[in-house]
Each structure stands twice: as C-alpha cells, then as structure tokens.
Amino acid sequence: MLKSALILFLGASLCSAGSFRGADMPWTTYEAEDMVTTGLKLGPKYDPNLVETESSGQKCVKLSAVGQCVAFPAKSAANAIVVRYSLPDSPGGGGIDSTLSLYMNDKLVQKLPLTSRYSWLYGKYPFTNDPKAGKPRNFYDEVRLKDLSVREGDVVRLQRDDQDGASYCIVDLVDLENIAAPLIAPVNSLSLSEFGADGLGKTDDTDALGKCISTAREQNKSVWLPAGIFKITGDIDVPADTTIQGAGMWHTTLVGDENLYTNANRRVRFKGKGSNIHISDFAIIGKLNYRSDSEDNDGFADSFGTNSTIARVWVEHTKVGMWINNSSNLVVEGCRFRDTIADGVNFCVGMRNSTIRNCTTRNTGDDCFALWPATHAPQKYAPGFNVISHCTGQLPFLANGAAIYGGESNRIEDCRFTDISPGCAILLSTTFPTADAKKNIDNNFSGTTVVQNCDLIRSGGYDHEWAWRAAFQICLDRRSVSGVDIQNLNITNSLSDAFSVIARGTNHQETLSHASLANVNIPDYGLGLKEQHGLWIGKDVQGSMTITKSEIVELKNSSPSFNIKRE
C-alpha cells in the first residue's frame, strides 16, 4: 500500500508532468496485462528473483494452455513488431527453443521463433547458467520481425498453439513500429558486397568487412553495409577518419556465430582506433549467454578519439552495448540496447565532453547508462563534462538506470527511467574506484554534478549486494561527494525509498556538501516495501543539503550530523 503520510511542503512549485522527458521512441508499446486475454495475468509483485518483478509495471500474462492468447487492436499502422517474452529454461540450464503464433485479424501470419538460450541466470554475481544455484534472474528476451502489414484497427493476436512446444510463454509487452524503407548507398561509398559478402548470414564476412574498411580508407571513401545479414566472427578495428553506414537498424544486421561465441576473441566487436570515426544505421546481434568480467566486452569498445559519432545502431545479446574509453566530443545518439549481459553504455576511462543522447535500453544486465572515470587503464583525457540526455532506461535485471561514479561536472538531464527493480533509477555513488595515487590521479566527484528534468517511475528495488535501494540515491561509499545540483524531478511509485543519502565506510566521515534539491516532486513511495521513506538521510551521513520549492510526501533524517536547509 502506498504511503499517505502528511505531505511536507517546501515551496509551491512542482515539476511539470507534461514536459517531454526520455528518448523519442518511434514505436507504440502495448502492455500484455491491458490486452484481451484468455491467459493468466500475473502480478504485481516486487520481490527479487520473480518474473513479475522484471516485468513492465510488474505485470505480465502467462500462456500455458493450447489456445490461450493475448490480443489488441493496433492504434496506428505498423510494419514491424517486437515481442518481449519469457520461456522456461531447460532442466539443466542452457535454454530451449519454441515458437509463438502471430495472428492478424484471425489469420495466422507467422510462427515467431522464441528461445530461452539467452536468458535465465542464477546464483550470486556474476551468476551462472546452472539452475541448481537458485535465485533466478534475466527471465526475458525479445524477438523482432519486420515486413508486416498492420493497419490501424487490425487485431493483433499472440497465441500458444499446439505446435508451439514450450510448456508456457509469458508475454510482457509488444512494440509496433512503422519503419522506413532501407537507406540507399551514399555517394562515394564502397559496398561490403563488393568483397564477397552475400548478405544471407551463411558465410563468414569478417575478413570481407576488414578489407572493405581498409580499401575504403585508401580510396577516401565511406564503407556501405547494404541491407542483409552478415556473419562476423572477430574484431573489427576501425581506424581514424572512417565512416561506416548501414541501410538501417532494421535492415542491416551483423550477427555472431553461436558456435564460436564462447571464445571472447570471436565475437562481434567494433574497436575504435582513432578520431573522426562515424558509425551508423545497422544492428549487432551477438550470441552471448553468460557473464565473465575477465573477458573483453563485445559490441563497441576502445577509443574513438575526438569528434566521433555512433548513431542509430541496435545492439543485442552482447556483453555490453558500448564500453568506451579515452574519447572526447563523442556523440552516441539514437541507439537501442537490448538484452545485454552487462551495461548498455559505459563511458569509462578518460571520457570528456561526450554525450549519450536519445538512446533507449531494455533488459540490460547492469547499468543502463554509466559514467565511470576509472583508472585501470592509461587516461588520455581528464574525465568530465559528459552528458546523458533525453534517454530512456527500462527493466534492467541488475543495477541501475543511470549511474555516475565520479568525474567533473557530469550531467543527467531530460531522461525517463521506468521499472528499475534491481536498483536505483539514478545513482550517484563513490562505490567504484576512481583514484590512483601512483599515477597522481583522483577522479572523484568535482565541479557540479547536475541531475535535472527527469522522471523516475516504479524504481528503487532490491539490489543483490545493497538490499533495497532508493529510486534516487546518493551513496557515499568510503568517499565524500561535493557539488550536487538536483532539480525538476518527478519520483513516483518507488518500490522502496524514493530518495536517500547513505554512507558506507569504517570511519563514518563520508560527507555530502554543496548539495541542493529544487522542484523535486515525491508524492508517494513504498510500493513494494513498507516502512520506507519519501526522502531518507542515513545515520552515518555527514554534511548538508538545501531543499527548495519541492513537494515531498515524507522526510526522515536519521543522522545527527546532517543538516537539511529549507528555503
């Protein structure tokens, strides 16, 4: 039950609920629990290791008998569909394959190919594929299909027929999208097909792509990836002054080889090797189904120097979407990250003046978006002034929506985070190391870290190491934080605390200073856990915070060494 304590008025102004926040998503989402169904509606539930908790709105529909279905009328025309679903695991782990029947106006259109080979992790971090370890997570996967013809008002139905072999299929949501026709090759480009790639996904096109890139640079041309499926089984090094463009994220797909994907060097990985790199308009579909932090990341990695861009790429079933180091003025824009084993995007070592903009994540296995100025590798640029802007993060099965772990004057703005059930929607934390005395480097928070104009919805769930997190949390983990400006936030339907400041250390001297909240709206909290708070200051925190023009339903300061200033 939601808390209904006396509202604490700290001013008259509220965030504008109607302002545009999050990414511009060109699809319409239909929630399974809102559809007409003969299946079993599940949820809401909020505890960890439950399929309901990992579902959008903590609700879903289970189709377990032949003939059970979910159905809905299309609100607008579409030609592509995404279904977020969950199948059972195999008894020994490793997953199963099945199908789900797609009908349009009572006519069978296609059997959607489903699998649980890339879901179901168990046990303690970094998890295992063995069901005997218990504590399951990562229940969901997605399937996408194009070249449909859906008119406004057409009835779309997903049904478990007798040929659909799994014992059940859980449907969480459906996206319908009207995608554009494939792009055409740009002028002065060199096509991958000229180097023997057939676009059918049967031949290994790794060498062909490498040769296409090197030849295009010699001829001062761009690289063109035509519509089709291309198998990639190794690193693609992208040198400076290289442009790679596909026909669109729905039309050009680079896929990994499932038989080779246990080898970390045989995966789909684009490695930046210089400045002025521009990559756009294709999809990467990996084949990774386990987590090993000792292995290199696939997806996008390494350094993109100065003034590079990565735009409109779709990355799925890789370890991370992007893990980028030592780049300045990099712009990542219009990308989709789905079903990754770890982070969606992590700007890590030496990232400066770089932006993640208009991107979306769903079902990532770690932070949706992270700024972590680590020092484990040589640092080329002083980290700071990075921005996460107009992004939407949804439904990770581990960690947080957006996280900043240090650096100078970074920002999160105009974002939307929903259903962050294993952690915070937004986390500012000193948990991860950002200093190296031998290198004379200290990348702790400096300048002013800004979080503004964001919506945090149904977030603040159970973290496997930290227990229940707040939807927005400032975590002083053995280090202090100075300079935080938080304004124009709506934090609604938090699973536990809405906002908290906590400390964890041995000397109890972690201090928050020069921190302010303005126009922060917290109307409720504790959707999934009782005895929580609207805004809570932990007992070991020192310092102060100024709160102005905010509406906060309840506030508890458990620290005698922390001062809340109300203006």
Side-chain angles (χ1 to χ4, degrees), residues 20-26 249 270 272 277-281 284 297 299-316 318-338 340 342-374 381 383-396 399-418 420 424-429 449-456:
F20 173 68
R21 296 171 177 182
D24 179 15
M25 299 187 293
M249 63 169 64
F270 280 76
I277 294 171
H278 303 284
I279 298 176
S280 65
D281 299 299
I284 292 175
N297 300 306
F300 289 86
D302 280 16
S303 169
F304 287 79
T306 59
N307 303 320
S308 295
T309 61
I310 305 174
R312 299 176 302 280
V313 297
W314 180 313
V315 187
E316 186 171 319
T318 54
K319 184 179 177 183
V320 301
M322 297 180 183
W323 190 287
I324 310 297
N325 296 328
N326 289 318
S327 303
S328 178
N329 293 323
L330 169 68
V331 176
V332 175
E333 184 168 19
C335 299
R336 306 183 196 181
F337 305 96
R338 305 285 178 87
T340 58
D343 302 61
V345 182
N346 194 311
F347 280 0
C348 198
V349 176
M351 296 297 295
R352 188 172 180 85
N353 289 324
S354 293
T355 301
I356 308 166
R357 183 169 58 220
N358 196 34
C359 294
T360 64
T361 70
R362 193 159 65 200
N363 205 50
T364 59
D366 219 311
D367 294 332
C368 300
F369 307 99
L371 306 178
W372 176 28
Y381 304 103
F385 301 95
N386 301 298
V387 183
I388 303 169
S389 174
H390 278 293
C391 289
T392 296
Q394 300 172 289
L395 295 157
N400 312 288
I404 300 178
Y405 298 107
E408 181 181 3
S409 299
N410 293 308
R411 305 200 311 272
I412 301 170
E413 57 190 22
D414 301 300
C415 290
R416 180 179 175 90
F417 300 100
T418 65
I420 314 296
C424 309
I426 296 178
L427 173 66
L428 309 182
S429 174
T449 301
V450 175
V451 180
Q452 59 186 355
N453 306 323
C454 295
D455 291 334
L456 285 55

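Below, each value reflects all heavy atoms present in this structure, side chains not excepted, and no hydrogens, waters or symmetry copies. Because the structure is a prediction, the values reported are computed rather than measured.
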_Determine whether Cys359 and Val345 satisfy the following criterion, side chain to side chain contact (heavy atoms under 4.5 Å, CB included), listing intermediate values before the conclusion._
CA-CA 10 Å; Cys359 294; Val345 182; 5.9 Å; no
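- Only one option out of Phe369, Phe300, Phe270 pairs with Met322 in a side chain to side chain contact (heavy atoms under 4.5 Å, CB included); it is Phe300.
- How far CG of Asn329 is from OG1 of Thr306: 7.0 Å, rounded to the nearest 0.5 Å.
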*Could you go step by step and tell me if Ile404 and Thr449 meet the side chain to side chain contact (heavy atoms under 4.5 Å, CB included) rule?*
CA-CA 9 Å; Ile404 300 178; Thr449 301; 3.9 Å; yes
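- Going from atom CD of Gln452 over to atom CD of Glu413 covers 5.0 Å, rounded to the nearest 0.5 Å.
- Rounded to the nearest 0.5 angstrom, Asn326 CG and Asp302 CG are separated by 9.5 Å.
- Checking side-chain atoms of Arg416 against main-chain N and O of Arg21 turns up no donor-acceptor pair under 3.5 Å.
- In this structure, CD1 in Ile426 is found 12.0 Å from CG in Asp367, a value given to the nearest 0.5 Å.
- Residue Asp343 holds its CG atom at 9.0 Å from SG of Cys348, rounded to the nearest 0.5 Å.
- With sequence neighbours excluded, no residue forms a salt bridge (Lys or Arg N to Asp or Glu O under 4.0 Å) with Asp414.
- The aromatic rings of Phe20 and His390 lie parallel to each other, with less than 30° between the two planes, well short of the 60° mark.
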*Report the C-alpha separation of Arg352 and Phe385 in whole Å, then their side-chain angles, then the decisive distance to 0.1 Å, and conclude whether the side chain to side chain contact (heavy atoms under 4.5 Å, CB included) test is met.*
CA-CA 6 Å; Arg352 188 172 180 85; Phe385 301 95; 3.6 Å; yes
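- Between Ala370 and Tyr405, the shortest heavy-atom distance links the atoms CB-CE1, 4.3 Å.
- Scanning all heavy atoms of the two residues, the minimum distance from Gly334 to Met249 falls at O-CE, 3.6 Å.
- Rounded to the nearest 0.5 angstrom, Ile420 CD1 and Leu456 CG are separated by 8.5 Å.
- Nearest heavy-atom pair across Ala342 and Val320 is CB-CG1, 3.8 Å.
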_If you apply the rule side chain to side chain contact (heavy atoms under 4.5 Å, CB included), what do you find for Val331 with Arg357, and how did you get there?_
CA-CA 7 Å; Val331 176; Arg357 183 169 58 220; 3.5 Å; yes
